[in-house]
Amino acid sequence: MLWVFGCLCYPNIAATSAHKLAPRSVACVLLGLSQDHRGYRCYDPASRRVIISRHVYFNENVFPFRVLN
């Protein structure tokens, strides 16, 4: 499925967490589909890194980088 570019998303990061009580997802911004892997590219502004995940929840009504004039 295709989703709106730049919307708020929550990728599953449980596989890369340090222990089982660590957060399972983090708020990110959708960048699009990955060219090299199956999954979505999500930008995490807190850690400034790109996360590639197949299991993502989307909120297409919220745009974190939207500029209001």
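Remember, it's a predicted structure, so these values are computed and weren't measured experimentally. Below, all heavy atoms of this structure are taken into account, side chains as well, without hydrogens, waters or symmetry copies.
In the hydrophobic clustering of ILVMFWY residues, with side-chain heavy atoms under 4.5 Å counting as a link, F65 and V4 come out apart.
Atom CZ of R41 is separated from atom CG of D36 by 8.5 Å, given to the nearest 0.5 angstrom. Atom CZ in R54 sits 11.5 Å away from atom NE2 in H37 (nearest 0.5 Å).
Relative ring orientation between F58 and W3 is described as parallel, the plane-to-plane angle staying below 30° on a 0-90° scale split at 30° and 60°.
In this structure, F5 and F63 have side chains that are not in contact, with every pair of non-hydrogen atoms separated by 4.5 Å or more. In this structure the side chain of R24 never reaches within 4.5 angstrom of the side chain of Y10, judged on heavy atoms.
Under the rule for a side chain to side chain contact (heavy atoms under 4.5 Å, CB included), the partners of I13 that lie at least two apart in sequence or sit in another chain are T16, V26, I51. Remark: R49 engages S47 in a side-chain hydrogen bond (donor to acceptor under 3.5 Å, both in side chains) (not counting sequence neighbours).
Taking both residues in full, the closest heavy atoms of C28 and P45 are given as CA-CD, 4.4 Å, listed atom of the first, atom of the second, then distance.
Distance alone, capped at 3.5 Å, is enough to place a donor-acceptor pair between the H19 side chain and the L21 backbone. Formation of a donor-acceptor pair under 3.5 Å by the S53 side chain with backbone atoms of V56 is not found in this model.
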Exercise for the section: Dump the intermediate steps for side chain to side chain contact (heavy atoms under 4.5 Å, CB included) on C7 and L30, then the final yes or no. Expected result: CA-CA 6 Å; C7 69; L30 178 65; 4.2 Å; yes

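In Y57, the OH atom is not crowded: 12 or fewer heavy atoms of neighbouring residues, nucleotides or ligands sit closer than 6.0 Å.
The side chain to side chain contact (heavy atoms under 4.5 Å, CB included) test with Y40 singles out one residue from L33, I52, L31, and that residue is L33.
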